[in-house]
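Atoms considered below: every heavy atom in the structure, side chains included; atoms not considered: hydrogens, waters and symmetry mates. A, B, ... follow the sequence lines: proteins, then strands. Residue 1 opens every chain.
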Number of protein chains: 2
Amino acid sequence: MPKQTKTYIKILEAALPLFAAFGYKGVAMRDIANTVGITAAALYNHFPNKDNLYFKALEYAFDAQVSGLAGMLAKTQTPRQRLTAFIAFWVETFGSDVILRALLQREMTDADEVRLRMLIQHVFQPIYLEVEEFLRSITSRHDPLMLFVSIAGLVMYHFETAPLRKLLPNFHPGQDEHDAIIEHVTSLLIHGLDVP
Amino acid sequence: MPKQTKTYIKILEAALPLFAAFGYKGVAMRDIANTVGITAAALYNHFPNKDNLYFKALEYAFDAQVSGLAGMLAKTQTPRQRLTAFIAFWVETFGSDVILRALLQREMTDADEVRLRMLIQHVFQPIYLEVEEFLRSITSRHDPLMLFVSIAGLVMYHFETAPLRKLLPNFHPGQDEHDAIIEHVTSLLIHGLDVP
DNA sequence: GTCTATATACCGATAGAC
DNA sequence: GTCTATCGGTATATAGAC
């Protein structure tokens, strides 16, 4: 079973958008092969089975994608600037990569134990560890993990609900723009609703 | 094609947990039939095809499920009480019904145009219209729809990430409890982080 | 309205020639 | 490393007896 050859990578990059759009069961080995330009049988020279191909594709997609965070929360900034930078990073990362977001969403609903552990290791753990200390430094009112989940949901739901929101009253395209989301989320996070 | 007979309902109720757990493609007509106690062929006396069975099951699941909101935001309460009541309703509704939440999550990732419209009509539009006026009454800083999405994500992500969070540092089971989520989310919404 | 039997299609994976 | 050919399994859906 060869590794990291040129076709190996080509296969992964052909498979990713398919899995993102149609899910694991919605993509046939023949579909991936056709996209690459080979036959389904040839795929088995690179991957032992479909499961493995999917897993390697996931790993490839999430690897290095979330490495931009290091140093971004540098302490030379004010807490408010650091929060804004963090939210902006989050929005840009998942806002610009539709495939990454779709894969993540599918993995969270399918909740396969082994794949979730890989996701934690590659995506969430690095972000979480980097952010947790920062969160602790600005508030002691909230459980750090719960706050992390809240912020994640606050950001991600603006993307997850995108196809849905278009059908609601008061929708306008400006609500999809990254700057608007960043502004709205940070403002809400910093000030709250100030309810009497 | 008969309608609303006893077996018709039995089929829907047998199908729902299956679709919620394994998705549309992950459930075979045979699986549903076995759960009901009939053969797959007999299903076609009640539904023209699998697509229709799935759609009717979704409709059945979401119908009347979200009707508890009416009057809950009664204006006899203070804004803060109304906000808390709304968050509590949201958490209880989707926190206690794993099937409903899984179905919703799958629909949002698959994003089928026709089914999304049904979801809007049955679930989100009623909630949104009820809540929008309330949101407007307590703040003019935020776009109502964006604020609605933010609050939804704030609540839902504590459930969506449940299988994931167990694997993160600082996890403890108390973070899954409804009261803790309600307390955390309302507190965060009302006060914000108060970042300097 | 349910059954058995079956048509038809698709999928993952393998065998073997080149 | 890719191809053609194919096996074995499983899926939706239909036909027809009861």
Visitor: In whole Å, what is the span from the NZ atom of K10(B) to the C1' atom of dG1(C)?
Guide: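 K10(B) atom NZ is separated from dG1(C) atom C1' by 13 Å.
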
Visitor: Is there a donor in the side chain of Q81(B) and an acceptor in the side chain of T78(B), or the other way round, less than 3.5 Å apart?
Guide: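 A donor-acceptor contact under 3.5 Å links the two side chains.
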
Visitor: Would you kindly give the NZ-to-C1' distance between K50(A) and dT10(D), to the nearest whole Å?
Guide: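 Atom NZ in K50(A) sits about 13 Å away from atom C1' in dT10(D).
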
Visitor: Which part of the nucleic acid, if any, lies within reach of V27(A) when heavy atoms closer than 4.0 Å are counted: base, sugar-phosphate only, or nothing?
Guide: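 If one applies the 4.0 Å heavy-atom cut-off, V27(A) turns out to touch the sugar-phosphate alone, with no base involved.
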
Visitor: If you count heavy atoms of other groups shown closer than 6.0 angstrom to CZ of F55(B), is the number above 12?
Guide: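 Check passes, neighbour count above 12.
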
Visitor: Assuming nearest nucleotide by heavy-atom distance, tell me which of R30(A) and A42(A) is located more 5' along DNA chain D.
Guide: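 By nearest-heavy-atom nucleotide position, the 5'-most residue is A42(A).
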
Visitor: Rounded to whole angstrom units, what separation is found between the CZ atom of F22(A) and the C1' atom of dC10(C)?
Guide: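 For the pair F22(A) CZ and dC10(C) C1', the rounded distance is 16 Å.
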
Visitor: Rounded to the nearest Å, what distance is computed from the CG atom of residue L43(A) to the C1' atom of nucleotide dA15(C)?
Guide: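 For the pair L43(A) CG and dA15(C) C1', the rounded distance is 17 Å.
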
Visitor: Is it true that K56(A) and D63(A) make a salt bridge, defined as a side-chain N closer than 4.0 Å to a carboxylate O?
Guide: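 No, K56(A) and D63(A) are not salt-bridged.
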
Visitor: Toward the 5' end of DNA chain C, which comes first, A41(A) or D31(A), by nearest nucleotide?
Guide: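 Taking each residue's closest nucleotide, the earlier one in sequence belongs to D31(A).
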
Visitor: Given dT4(C), dC11(C), dC3(D), identify the nucleotide with an atom nearest to the side chain of A28(A).
Guide: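 For A28(A), the side-chain atoms sit closest to dC11(C).
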
Visitor: Atom OH of Y44(A) to atom P of dA13(C): distance rounded to whole Å?
Guide: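 For the pair Y44(A) OH and dA13(C) P, the rounded distance is 4 Å.
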
Visitor: Any carboxylate oxygen within less than 4.0 angstrom of a Lys/Arg side-chain nitrogen, looking at D176(B) and K166(B)?
Guide: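 Between K166(B) and D176(B) there is a salt bridge, with a charged N closer than 4.0 Å to a carboxylate O.
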
Visitor: To the nearest angstrom, how far is N34(B) atom CG from dT10(D) atom P?
Guide: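 The distance from CG of N34(B) to P of dT10(D) comes to 13 Å, rounded to the nearest Å.
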
Visitor: Can you tell me how far P of dT14(C) sits from CZ of F47(A), to the nearest Å?
Guide: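 Atom CZ in F47(A) sits about 15 Å away from atom P in dT14(C).
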
Visitor: In whole angstrom, give the distance that lies between atom CG of N49(B) and atom P of dT12(D).
Guide: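 Atom-to-atom, N49(B) to dT12(D), this comes out as 11 Å.
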
